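Chain naming here is simple, since letters A, B, ... match the order of the sequence lines and numbering starts at 1 in each. Small disclaimer: the values here were computed from a predicted structure and weren't measured. Keep in mind that the numbers below use all heavy atoms, side chains included, and drop hydrogens, waters and symmetry copies.
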Amino acid sequence: MYRIVHKETVAPQVDAMIVDAPYIARHHQAGNFVVLRIHEKGERIPLTIADSDKKEGTITLLFQKIGKTTEELGTLKAGQSIMDIAGPLGHATPIEIYGHCVLVGGGIGSATLFPILRALKARKNKITVILGARTQDLLVWEDRFREYADTVLLTTDDGSSGRKGLVTEALKEVLDSAKVKIVIAVGPIRMMQAVSEQTRPYKVRTLVSLNPVMVEGTGMCGACRVSVSGKTRFACIEGPEFDGHEVDFQELASRLGFYRSEEAQAMEAFRKKCKGKCRSKGVK
Amino acid sequence: MRARDPKIRSTDFKEVALGLTEKQAVKEARRCLQCKKPKCVAGCPVEIDIPAFISYLRDTDFSGSLRVLRKYNMLPAVCGRVCPQENQCQGSCVLQRKGSPIAIGALERFVADYEMKKGITEKAEREKPNGHRVAVIGSGPAGLTAAADLAKFGYEVTIFEALHEAGGVLVYGIPEFRLPKKIIQREIEFVKSLGVTITLNWVVGRTQTVEELFSEGYESIFIGVGAGTPQYMNIPGANLNNVYFASEFLTRVNLMKADQFPKYDTPVKKAKKVAVIGGGNVAMDAARTAQRLGAKKVYIVYRRSEAEMPARLEEIEHAQEEGIKFEFLTSPKEILGDERGYVKGLRCDRMVLCEPDASGRRRPECSGEDFVLHVDQVIMAIGQTSNPILVKSVKGLDLWGAGYIVTDNEGRTNLPGIFAGGDISTGAATVISAMGAGKRAARSIHEYIMDTSSRTSPQKALSKR
Ligand SMILES: Cc1cc2nc3c(=O)[nH]c(=O)nc-3n(C[C@H](O)[C@H](O)[C@H](O)COP(=O)(O)OP(=O)(O)OC[C@H]3O[C@@H](n4cnc5c(N)ncnc54)[C@H](O)[C@@H]3O)c2cc1C
Ligand SMILES: Cc1cc2nc3c(=O)[nH]c(=O)nc-3n(C[C@H](O)[C@H](O)[C@H](O)COP(=O)(O)OP(=O)(O)OC[C@H]3O[C@@H](n4cnc5c(N)ncnc54)[C@H](O)[C@@H]3O)c2cc1C
Ligand code: SF4
Ligand code: FES
């Protein structure tokens with residue numbers, strides 16, 4: 001049983017949650033995720049650890065409400081509990097002294113870059129952060145990024161904040177003007193693919209954090225398999241970060257859509273059950 | 001053994017085999033010759049005193065019979081259902097020569113179930129607490145057995161389990177229709193009644209390291225993490241939509257209850273025509289599960305011939321009765337997909353068996369002919385291998401093969417205080433062998449902790465490395 005200490009809405013359809021999980025907090029490294037199950041009938045879903053407080057023994061999760069489970073998670077309040085949380089899972093992001101690093105975040109993915117940013121800064125790297133979103137409201141944690149990054153560039157599709165356009169355009173300018181050693185991208189598949197294509201001609205090492213469907217998240221099922229350099233890899237134990245220049249993004253996108261009709265069905269059933277006033281009891 | 005009507009049972013998840021009636025069991029027991037040098041015992045991986053338990057059964061002393069069984073076997077209700085008896089006790093019984101060996105498995109199951117039906121709860125006997133603590137990693141048959149025996153010796157035992165439910169393969173792999181979950185629940189309650197604590201959602205190596213367990217005061221550690229990582233089949237199309245590993249398919253249904261979606265949140269794809277690749281228990285379980293989810297046609301695609309199939313005889317028979325179609329001497333070479341990336345067929349080579357090689361095995365060879373099975377789902381059940389999370393986290397641990405832990409027969413690893421057993425040391429094997437390994441390791445751990453004089457502190461040993 002994992003108690004929710006704090007819960008807030010950080011952007012439309014995006015919630016942040018601080019949860020008591022002392023052992024996970026103690027071992028959390030940038031890039032790790034957890035798998036959680038809200039209650040006995042729930043699905044196991046992976047969420048990146050967006051922050052941790054080793055002293056308080058808590059972890060922060062940031063999630064976009066896009067389906068049944070995230071929607072239900074969003075109905076939980078501080079004081080309630082999540083039944084199961086396992087972690088920290090997945091390899092940590094390789095944190096080294098690189099020189100100039102560029103972190104590219106798209107939408108909600110941005111927030112999960114935060115621990116990576118902090119860890120890279122602790123090793124005295126020079127860091128440019130490029131955050132992209134559809135519109136200003138969806139840019140989360142900008143202030144936190146400004147605290148650690150040397151430069152923060154914002155882009156929005158509608159120009160409501162920062163420059164109008166895509167992250168790749170901002171990225172190209174950085175690549176043209178500076179000697180970038182590594183690019184790390186987290187966000188929607190299309191954005192990670194575009195970032196990888198952008199860096200390819202520059203031969204800059206590019207890590208992308210993949211988000212395939214997972215079941216247990218400990219290497220026992222193979223649901224999370226992705227193709228990298230033509231080889232099949234299990235994202236939960238060999239990833240979730242891989243070389244963006246080698247990932248088969250098309251296969252990943254296709255596999256992510258596999259359960260679309262069931263997901264819609266689950267959402268429909270959930271909405272009907274709670275008649276617009278969705279409140280999960282969670283677990284006592 | 002009696003079984004439910006194949007037409008009905010293949011549409012639900014209720015147990016298939018019905019077990020013996022009291023009359024049948026006693027009658028079968030009375031057929032036993034009570035051999036002086038019982039061959040059946042020699043065939044049993046944990047050497048249960050089979051004639052003794054049968055002899056109580058002849059006299060209708062069921063609790064006496066259970067006492068004998070329990071002395072050797074922590075999980076008789078489980079083993080009576082899932083052991084490959086035809087290769088073990090039953091296969092070795094002297095009456096096998098006449099073609100009618102004693103149905104030892106069915107008798108074992110009868111005795112264990114009798115206890116459950118009558119609601120007799122075994123009194124958990126244990127020595128006085130001795131103040132020593134042991135950690136057990138993994139709650140499959142190996143871990144549960146080691147924990148129970150150690151608790152009986154007086155240890156304070158904690159089991160750490162990565163998943164949200166205890167039981168290992170017994171809960172996430174073997175389906176309900178073969179091994180009802182309430183049986184495992186009961187065994188787990190028994191283990192808890194011995195004072196064992198089970199901590200779930202605890203991925204040792206990640207949530208906590210083995211070194212940390214030692215520094216928290218556990219004096220010894222038993223590793224029973226199984227061999228749960230599915231083996232990948234490197235053929236074109238293996239990542240198409242609707243290609244499952246049996247592990248995922250079975251986990252969705254057994255652990256996550258996807259057959260009850262949307263009452264439970266986890267979905268599983270139901271298909272019309274399914275090909276399952278493999279010939280072991282896992283393949284049989286996946287095929288029969290697919291059928292129960294509503295598939296109209298299910299094929300088992302196996303490279304060798306029927307005689308080489310490693311699955312339990314009873315499962316093969318049950319699968320055949322239920323209408324699963326077997327394609328022997330058939331080797332898949334490509335999964336065909338449609339333009340949306342979904343499975344539409346499985347291209348296979350027809351194989352022929354060549355002459356026996358030096359080891360006497362007849363290897364299958366391509367005949368040069370191929371054909372396509374028109375299916376919309378493919379399930380790969382070609383084996384499991386070691387999971388790297390824990391083994392890679394323990395520095396200096398001796399491994400063999402694909403990452404299995406090297407142990408001696410008593411479960412000792414090369415590191416002081418660390419013991420291991422079950423699938424993680426043997427490679428994918430059986431419930432009974434995992435249980436036996438847990439039992440032997442519990443004894444070694446007991447010796448190790450009691451033998452304080454020869455003991456180097458594990459912390460010291462670890463920090464030396
Ligand atoms: C390593 C990893 C880290 C992630 N971190 C975050 C995060 O920090 N914040 C966040 O908002 N999201 C994160 N995700 C995605 C998140 O897991 C999915 O959004 C969530 O599972 C959706 O569940 P749902 O029931 O609400 O939606 P559904 O309606 O079930 O699914 C919506 C979409 O989410 C994806 N999805 C569904 N089930 C799963 C599953 N079991 N595992 C993975 N993806 C699934 C599919 O693409 C699907 O189309 C992460 C995914 C991975 C693999
Ligand atoms: C579908 C299927 C059908 C089978 N049918 C039969 C049969 O009919 N008869 C038979 O005799 N055998 C059968 N087997 C084989 C048998 O189930 C295994 O040999 C046996 O379960 C091995 O026991 P174990 O205790 O070594 O490991 P497991 O049962 O695999 O249990 C290991 C446990 O450790 C946990 N774990 C793993 N890593 C960690 C970690 N880092 N930290 C904490 N916990 C961890 C796992 O989650 C799991 O619960 C079958 C196997 C499968 C998959
Ligand atoms: S070998 Fe067969 S007949 Fe002999 S004791 Fe064992 S079960 Fe009975
Ligand atoms: S989620 Fe099951 S193997 Fe990765």
Side-chain angles (χ1 to χ4, degrees), chain A residues 2 21 23-24 26-27 32 34-45 67-69 72 83-90 213 215-227 231-232 234 236-238 248 250-255 257-259 261-263 265-270, chain B residues 161-165 169 172-173 200-203 205-209 212 225-234 238-252 255-258 260-270 337 340-342 380 384 386-390 392:
Chain A
Y2 300 80
Y23 281 87
I24 300 175
R26 190 185 304 166
H27 290 96
N32 289 152
V34 295
V35 168
L36 66 79
R37 193 179 68 142
I38 302 177
H39 50 65
E40 211 187 318
K41 295 198 168 80
E43 184 170 20
R44 291 172 68 99
I45 65 156
K68 155 87 209 282
T69 304
E72 185 169 7
M83 191 159 179
D84 305 296
I85 304 184
L89 302 169
V213 170
V215 180
E216 47 18 272
T218 58
M220 314 242 277
C221 77
C224 63
R225 63 194 191 274
V226 290
S227 293
K231 279 216 192 77
T232 291
F234 287 8
C236 68
I237 48 172
E238 300 178 90
D248 183 341
Q250 201 193 333
E251 178 187 282
L252 176 63
S254 166
R255 288 178 61 80
F258 183 44
Y259 292 102
S261 61
E262 285 80 2
E263 285 153 9
Q265 192 188 344
M267 196 59 220
E268 177 74 9
F270 180 62
Chain B
E161 167 57 49
L163 293 175
H164 60 252
E165 217 174 302
V169 171
Y172 74 76
L200 302 171
N201 300 315
W202 212 266
V203 188
R206 307 308 310 262
T207 315
Q208 205 174 14
T209 62
E212 286 167 319
V225 294
T229 297
Q231 248 158 29
Y232 184 70
M233 185 160 203
N234 214 349
N239 293 345
L240 286 167
N241 283 331
N242 243 332
V243 179
Y244 278 108
F245 283 107
S247 316
E248 178 188 351
F249 188 70
L250 292 170
T251 300
R252 283 182 180 269
L255 182 71
M256 307 308 298
K257 309 208 165 51
Q260 296 176 51
F261 176 86
K263 193 172 144 210
Y264 284 76
D265 289 343
T266 307
V268 66
K269 279 287 178 189
K270 299 175 180 176
R340 289 158 51 240
Y342 282 66
M380 298 183 280
Q384 290 87 241
S386 158
N387 183 321
I389 291 186
L390 178 88
K392 281 208 181 143

A.B. asks: Okay, side chain of B/His164, backbone of A/Asp84: is any donor-acceptor separation there less than 3.5 Å?
C.D. replies: no
A.B. asks: So which of B/Leu163, B/Asn234, B/Leu240 has the biggest tally of heavy-atom pairs under 4.5 Å with chain A?
C.D. replies: B/Leu163
A.B. asks: For a quick test of reading the model, state the closest non-hydrogen atom pair linking B/Asn201 to A/Ile85 and the distance between them.
C.D. replies: CB-O, 3.5 Å
A.B. asks: Using residues 219-227 of chain A as the side-chain source, report each donor-acceptor pair under 3.5 Å to any protein atom, sequence neighbours left out, with the distance given to one decimal.
C.D. replies:
unit_1	atom_1	unit_2	atom_2	d
A/Arg225	NE	B/Asn239	OD1	2.8
A/Arg225	NH1	A/Gly222	O	3.1
A/Arg225	NH2	B/Ala238	O	2.7
A/Arg225	NH2	B/Val243	O	3.0
A/Ser227	OG	A/Glu251	OE1	3.1
A/Ser227	OG	A/Glu251	OE2	3.0
A/Ser227	OG	B/Asn239	ND2	3.1

A.B. asks: Would you say the side chains of A/Thr232 and B/Tyr232 form a donor-acceptor pair under 3.5 Å?
C.D. replies: yes
A.B. asks: Is any side-chain heavy atom of A/His27 closer than 4.5 Å to one of B/Glu212?
C.D. replies: yes
A.B. asks: Rounded to the nearest 0.5 Å, how far apart are CE of B/Met256 and CD of A/Glu216?
C.D. replies: 10.0 Å
A.B. asks: For A/Arg255, is it the side chain, the backbone, both, or neither that has a heavy atom closer than 4.5 Å to a heavy atom of chain B?
C.D. replies: both
A.B. asks: If you count heavy-atom pairs under 4.5 Å between each of B/Gly228, B/Gly226, B/Ala258, B/Ala246 and chain A, which one has the most?
C.D. replies: B/Gly228
A.B. asks: Say whether, by atom type as modelled, one donor and one acceptor occur between the side chain of B/Thr207 and the main chain of A/Ile24 under 3.5 angstrom.
C.D. replies: no
A.B. asks: Can you check whether A/Glu262 reaches B/Lys269 side chain to side chain, under 4.5 Å on heavy atoms?
C.D. replies: yes
A.B. asks: Just how far is it from atom CD of B/Gln208 to atom CZ of A/Arg26, taken to the nearest 0.5 Å?
C.D. replies: 7.0 Å
A.B. asks: Considering residues at least two apart in sequence or located in another chain, which fulfil the side-chain contact (heavy atoms from CB on, under 4.5 Å) criterion with B/Lys392?
C.D. replies: B/Pro388
A.B. asks: Taking side chain as C-beta onward, heavy atoms only, is A/Leu89 less than 4.5 Å from B/Val203?
C.D. replies: yes
A.B. asks: Identify the two heavy atoms, one from A/Tyr259 and one from B/Pro267, that lie closest to each other, and give their separation to 0.1 Å.
C.D. replies: CD2-CG, 3.7 Å
A.B. asks: Going by the side-chain contact (heavy atoms from CB on, under 4.5 Å) test, name the single residue among A/Glu268, A/Met267, A/Gln265 that passes it with B/Pro262.
C.D. replies: A/Gln265
A.B. asks: Using distance alone, with no hydrogens and no angle criterion, decide if A/Ser254 and B/Asn241 have a side-chain donor and acceptor under 3.5 Å apart.
C.D. replies: yes
A.B. asks: If you count heavy-atom pairs under 4.5 Å with chain B, which of A/Ala21, A/Ala266, A/Gly42 comes out on top?
C.D. replies: A/Gly42
A.B. asks: Considering only heavy atoms, which portion of B/Phe249 lies under 4.5 Å from any heavy atom of chain A: side chain, backbone, both, or neither?
C.D. replies: neither
A.B. asks: Does A/Lys68 pair with B/Asp265 as a salt bridge, N-O distance under 4.0 Å?
C.D. replies: yes
A.B. asks: Can you say whether A/Val213 sits under 4.5 Å from chain B via the side chain, the backbone, both, or neither, judging by heavy atoms?
C.D. replies: side chain
A.B. asks: With a 4.5 angstrom heavy-atom cut-off, is it the side chain or the backbone of B/Arg340 that approaches chain A, or both, or neither?
C.D. replies: backbone
A.B. asks: Could you tell me whether the side chain of A/Arg44 reaches within less than 4.5 Å of the side chain of B/Thr266, counting heavy atoms only?
C.D. replies: no
A.B. asks: Using non-hydrogen atoms and a 4.5 Å limit, figure out which bit of A/Asp248 sits close to chain B: side chain, backbone, both or neither.
C.D. replies: neither
A.B. asks: Over 60° means perpendicular and under 30° means parallel, so tell me whether B/Phe245 and A/Phe234 are parallel, tilted or perpendicular.
C.D. replies: perpendicular
A.B. asks: Nearest 0.5 Å, what's the NZ-CZ distance between A/Lys41 and B/Phe261?
C.D. replies: 14.5 Å
